[in-house]
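Hydrogens, waters and symmetry mates are skipped; everything else that's a heavy atom, side chains included, is used. Below, chains carry the letters A, B, ... as their sequence lines are ordered, and counting in each starts from 1. Since the structure is predicted, the reported quantities are computational estimates derived from the model, not experimental observations.
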Number of protein chains: 2
Amino acid sequence: MSSMTAPRPLPIRCADCPIRYRAVCSPCDEGELQELERIKSYRTYEAGETIAWAGEKLSLVGSVVEGVAMLSSTLADGRRQMVGLLFPSDFLGRPGRESVSYDAVAATRVTFCMFQKREFERLITRTPRIERRLLEMTLDDLDAAREWMVLLGRKTAREKIATLFVIMARREATMHDQPAGDGLRFPLYISREAMADYLGLTIETVSRQISSLRREGVFTLEGNRTVQIHDLARLIEEAGDDADGGLAN
Amino acid sequence: MSSMTAPRPLPIRCADCPIRYRAVCSPCDEGELQELERIKSYRTYEAGETIAWAGEKLSLVGSVVEGVAMLSSTLADGRRQMVGLLFPSDFLGRPGRESVSYDAVAATRVTFCMFQKREFERLITRTPRIERRLLEMTLDDLDAAREWMVLLGRKTAREKIATLFVIMARREATMHDQPAGDGLRFPLYISREAMADYLGLTIETVSRQISSLRREGVFTLEGNRTVQIHDLARLIEEAGDDADGGLAN
DNA sequence: CCGTTTCCTTGATCCCGATCAAGAGGAGGG
DNA sequence: CCCTCCTCTTGATCGGGATCAAGGAAACGG
């Protein structure tokens, strides 16, 4: 598919915002890069700070440069479900849509590289390649959401925790261009409460399942939020996935 | 946003495939319509027939014209979770992707208006407006998936059933350009097992919750698969949604 | 028409994860 | 340092939905 459109293989990066070109406009030509450069800006939120409320009109779109943000929805009586976790290079905002659909909250201190939605939309209209890239990213998000639906609807508490840890481990390894394997250390970034909201559990159940896997030697914890994997194969097995499904590749 | 791109307001329809233009290429100009006309074809599947397996390379994309199809994923031990339900005008397939991610099965006899993926992609490349439309549709799918994540992760069995019925009722009313209200009759289309897979429940729980709501006079059943609503307000209340969330508008 | 199959309902019981409750551990500020 | 706040862990109990089991009802083919 990329063979259809890519004018050259990339990667292009910019010094102060290395993630941006991967996320928004890979590939871009020089003119498009300069235009993006002109309209970009940065914004940092502290941990716990609300970036946007569901239903609010948001005039910015952009990518996470550093840190982690959460997308979540709250029922009338306060039950909360996280519907997405945004890591560096992930895109926030919906070009062509009036308002955001979910609460966006900073999980850690998080920095965005942002664009005025209006200007970004104008650029998109002139640059089909960026629109193609947005479609790509949205399809990825859709796949991730559907994979998570399987977890929420059908997995046990233990499988949910194992799946989350496997995904976090893979992410961390990929980020540092390492193979994922035993001995890998990585931060969880989010609180037990956030994990519970992500996995459709309570914090007590999250805590118990983590303790259980830790006691069985699958991993150890350094402090509360850093994991060191000891038996990745076991963790993958505990994740209970489909034979050829998402985690196996 | 449509004000940015739409050359005219629409709707354009074609006699033998009225849905297609809404789904795939609204708006289109005459040349694009003729091109789509040239490469389209129809395909019908019987209820229960598999349209595509997860991981399979699928060279077709297209819209449902009539009937209902299901997208689902199965864990190693057979637990199944439905991740999407495709009604007329819904799009199946992923331009730019090699293979499908989920099993696609006909829930009823279902007819698609399909295009060879290759040719469709070629058309897209020349027609940014269709790509824009695909992005729109994918964003809608993403919203729906995330709304469903809230249901799967946080709603009770009773709330899940109520939500499903409200959505089905709204769909049916919209389809016939009626307001949704008490007295509305509509078919469920899918079996109890399919509902269970969609809602992350067992068939027994689905059956019990339906019986419970029926006994309380919220609706009646004609046969097993046709519902007549008697108290839509109550049903919406039982759905337990966020105050200003998806169902309320 | 009846026999078979498939789908659906209902009852009895069990168990996983929620809830209620208490306390331990860490971080930050005085 | 201690004190407070907050997060996390662990224990005891509860309950919603799963599981096991049986039978009813609709669909289908003869």
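The CD1-C1' distance, from Ile161(B) to dG16(D), rounds to 14 Å in whole Å. Straight-line distance from the CD atom of Glu193(B) to the P atom of dA18(D): 14 Å, rounded to whole Å. For Glu204(B) and dA22(D), the CD to P distance is 14 Å, given to the nearest whole Å. For the pair Leu201(A) CG and dG17(D) P, the interatomic distance rounds to 15 Å; values are reported in whole Å. The distance between atom CZ of Arg225(B) and atom P of dA25(D), rounded to the nearest whole Å, is 18 Å. The CZ-P distance, from Arg214(A) to dC8(D), rounds to 14 Å in whole Å. The separation between Ile210(A) atom CD1 and dT7(D) atom P is 15 Å, rounded to whole Å. Atoms CG (Leu213(A)) and P (dC8(D)) sit 17 Å apart, rounded to a whole Å.
To the nearest 0.5 Å, the span separating CZ on Arg192(A) from OG1 on Thr202(A) amounts to 13.0 Å.
When each of Leu184(A), Ile229(A), Ile190(A) is tested with Met168(A) by the rule side chain to side chain contact (heavy atoms under 4.5 Å, CB included), just one qualifies, namely Ile190(A).
Among the atoms of the strands shown, base atoms are found under 4.0 Å from some heavy atom of Ser207(A). Within 4.0 Å of Thr202(B), counting heavy atoms only, lies at least one base atom of the nucleic acid. Within the 4.0 angstrom heavy-atom criterion, only backbone atoms of the sugar-phosphate kind lie near Gly200(A); the bases stay farther away.
Listed by chain and residue number, nothing satisfies the ring-ring contact (aromatic ring centres under 6.0 Å, His included) test with Tyr102(A) (two or more places apart in sequence, or in another chain).
Both Asn224(A) and Gln209(A) lie close to DNA chain C; mapped to their nearest nucleotides by heavy-atom distance, the more 5′-ward contact belongs to Gln209(A). Annotation: of the two residues near DNA chain D, Val206(B) and Arg208(A), the 5′-most nearest-nucleotide partner is Arg208(A). Nearest-nucleotide mapping onto DNA chain C: of Ser211(B) and Thr205(A), the residue sitting toward the 5' end is Ser211(B).
Looking at Ser212(A) and Arg158(A), their side chains come closer than 4.5 Å, going by heavy atoms from C-beta outward. With a 4.5 Å cut-off on side-chain heavy atoms, Thr138(A) and Phe91(A) do not count as touching.
Between Phe112(A) and Tyr45(A), the ring planes lie perpendicular to each other; the angle is over 60°, past the 30° to 60° tilted range.
Each side-chain hydrogen bond (donor to acceptor under 3.5 Å, both in side chains) pair with one or both residues in residues 219-230 of chain B, not counting sequence neighbours, appears once here: Arg185(B)-Glu222(B).
Taking a heavy-atom distance under 4.0 Å as the criterion, the stretch of DNA chain C touched by chain A extends 5' to 3' from dG17(C) to dC20(C).
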